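Within every chain, numbering begins at 1; the chains are lettered A, B, ... in the order of the sequence lines, protein sequences first and strands thereafter. Remember, predicted model here, so these are calculated numbers, not experimental data. We use all heavy atoms of the structure for the numbers below, so side chains are in, but hydrogens, waters and symmetry mates are not.
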Protein chains: 2
Amino acid sequence: MNETLDLTVGCDSCPIKHRAVCARCDADELETLEGIKYYRSFEAGQTVIWSGDRMEFVGSVVSGIASLTQTMEDGRTQMVGLLLPSDFVGRPGRETASYDVVATTDLVMCCFRRKPFESMMAETPHVAQRLLEMTLDELDAAREWMLVLGRKTAREKIASLLCIIGRRDASLKLEGVGGKIVFDLPLTREAMADYLGLTLETVSRQMSALKRDGVIELEGKRHVTVPSFERLLDEAGDDADGGMMA
Amino acid sequence: MNETLDLTVGCDSCPIKHRAVCARCDADELETLEGIKYYRSFEAGQTVIWSGDRMEFVGSVVSGIASLTQTMEDGRTQMVGLLLPSDFVGRPGRETASYDVVATTDLVMCCFRRKPFESMMAETPHVAQRLLEMTLDELDAAREWMLVLGRKTAREKIASLLCIIGRRDASLKLEGVGGKIVFDLPLTREAMADYLGLTLETVSRQMSALKRDGVIELEGKRHVTVPSFERLLDEAGDDADGGMMA
DNA sequence: GCGAACCTTTGACCCAGATCAAATCTAGGT
DNA sequence: ACCTAGATTTGATCTGGGTCAAAGGTTCGC
């Protein structure tokens, strides 16, 4: 068992149905995990972990969405992570998390009672390795998001968010006709604003603008159709007026 | 060897002089590392890793500072990480980094030829564990920085940056009289701006404002004295006019 | 069907920070 | 000492997005 691990969503032979813990089904390791896993459900808006809590478990999203949020004393908030199905939360080996985890839609998580860090490294090395890889992925994502937060315009920020959601969501579901991508936004305008470092009014305005400019289609408030992610990101760059100079 | 690892800067008994790889000096593991370590120096401005490069090594900063930067096609840049002494760079198990690493001051790094991920987990489990812990710390730091980028004002951003630099730097050096913290900024105004998602002009203006308001003292452009980190963060909140309403 | 509690959209106005431009202030180098 | 290339400061002006405010839309429960 020395090959590179490639743990993808929904490995069939594994009783736990997503990549988070399916370490290409190393039997012994899985058994160890089986013994300590359990499921928990949360309603939209319910708090999964309060900042400052002792983390009693490591969890992985099965369905629904949760958000990782940091808050300042004066109430300003910044979402610092979106937890989509197969994503991980938790910090084995640390007692406090510095942010809240709140269910953004109805949510099911697969939880594992916290194990001492060292014993995990020893008993389930492939899981440990996968955990490290996933943490590195999250770090990459966080850093990419720093670029979005620090340097992109409101319009570009929206486009970036739509891409993130769309890529994750659409890959699981079907895509629309003519290669277009169709998905439902699982976030309110306010949640989008929290993630993007904007106000909800600006988010709403920019969504309307993108629709008006034909970059995206909107049915209702949540159902989104985009031509392609490349075009979305491109056209979001060209600020508005796609032909108003006459 | 089952106790919690607490790897701090400058462990004496370890031939490698910082926490990055000093896994409380597990002899066998250190020996393994000894065999593959070497030092490299870089001048200010020199590129350590280009985005898209295959990472040939894992490195740890010995002295100097490097920055991790992401760039957009149109030239906008966002620094996504500051590498201070004892910090780590590198992504074992991945072929490309998505950002440049550039020396911001003269820099010495301790490098390790890249090892296959799996063999590292097996051969040096304490180092692997330490690597995971450090990655989680970086993730925390990145997320905290997302709050700074997304929600803080220019003045607050500067204060946050001064705290980060000051805490790291001052802990190694001496502090000034009366509990004040004294340190040298290792960054140009432009580098600060890149980190904070601001322009260099705004950084300069806010530095001047903080000095004018007596929140910080400046000798030359780089030598900074702050009363305390708490006061710095507090007073940065109260926007300017510390008594102008009469 | 009717509120009530939310979301969401839109408008009017304002301001923090960007942009453009010009001095100053270094630190080398010759 | 003088010159040059950066780094830094400061000023004037502009603007993207925030703030405040007021209307729609939806989706409940009753």
Side-chain angles (χ1 to χ4, degrees), chain A residues 43-45 72 74-78 104-106 148-161 184-213 216 218-224 236-241, chain B residues 43-45 72 74-78 104-106 148-161 184-213 216 218-224 236-241:
Chain A
E43 290 169 26
M72 292 169 65
D74 62 9
R76 279 178 283 178
T77 62
Q78 174 66 49
T104 298
T105 63
D106 285 344
V148 172
L149 288 174
R151 294 301 184 189
K152 293 198 175 178
T153 65
R155 179 177 257 244
E156 291 170 321
K157 284 180 176 181
I158 303 264
S160 301
L161 180 57
D184 284 304
L185 269 178
L187 300 173
T188 66
R189 299 284 184 264
E190 188 179 23
M192 292 173 70
D194 273 351
Y195 201 24
L196 296 167
L198 298 170
T199 59
L200 77 173
E201 292 97 325
T202 299
V203 171
S204 178
R205 269 186 255 274
Q206 294 297 340
M207 289 289 288
S208 300
L210 286 172
K211 181 183 177 184
R212 170 169 41 70
D213 299 345
I216 64 173
L218 272 179
E219 271 178 61
K221 285 105 179 36
R222 301 295 189 82
H223 197 71
V224 184
D238 321 340
D239 224 67
D241 48 47
Chain B
E43 291 169 27
M72 292 169 64
D74 62 10
R76 278 178 284 178
T77 63
Q78 174 66 50
T104 299
T105 63
D106 287 343
V148 172
L149 288 174
R151 295 299 184 190
K152 292 199 175 179
T153 65
R155 179 179 256 244
E156 291 170 322
K157 286 180 175 180
I158 304 263
S160 301
L161 181 57
D184 285 304
L185 269 177
L187 300 172
T188 65
R189 298 286 185 260
E190 188 179 23
M192 292 173 70
D194 273 351
Y195 202 26
L196 296 167
L198 297 170
T199 58
L200 76 172
E201 294 97 326
T202 298
V203 171
S204 178
R205 268 186 255 275
Q206 294 296 341
M207 289 289 287
S208 300
L210 286 172
K211 181 182 176 184
R212 172 168 40 72
D213 298 343
I216 64 173
L218 271 177
E219 270 179 61
K221 285 107 179 35
R222 301 296 189 82
H223 196 70
V224 183
D238 322 341
D239 224 66
D241 49 44

So, is B/Arg155 close to the C/dG17 phosphate, meaning a side-chain N or O under 4.0 Å from OP1 or OP2? no
Mind calculating the distance between CG (A/Leu185) and P (C/dT9) to the nearest angstrom? 10 Å
For D/dA7 and B/Thr188 - does any side-chain N or O of the residue sit under 4.0 Å from the phosphate oxygens OP1/OP2? no
Looking at C/dC20, does its base get a donor-acceptor pair with the side chain of B/Glu201 below 3.5 Å? yes
OP1 or OP2 of C/dT9 under 4.0 Å from side-chain N/O of A/Arg189: yes
Identify, between A/Lys221 and A/Thr199, the residue whose nearest nucleotide on DNA chain D lies closer to the 5' end. A/Thr199
Between the OH atom in B/Tyr195 and the CG atom in B/Leu187, the distance rounded to the nearest 0.5 Å is 9.0 Å
What nucleic acid atoms does A/Gly45 come within less than 4.0 Å of, heavy atoms only: base, sugar-phosphate, or nothing? nothing
In whole angstroms, how far is the C1' atom of D/dA7 from the CG atom of B/Leu187? 14 Å
Does A/Arg222 have a side-chain nitrogen or oxygen under 4.0 Å from the phosphate oxygens OP1 or OP2 of C/dT8? yes
A/Arg212 (side chain) and C/dT10 (base): donor-acceptor pair under 3.5 Å: no
Is the distance from OP1 or OP2 of D/dT9 to the nearest side-chain N or O of B/Ser204 less than 4.0 Å? yes
Between A/Ser208 and C/dT10, does any side-chain N or O lie under 4.0 Å from OP1 or OP2? yes
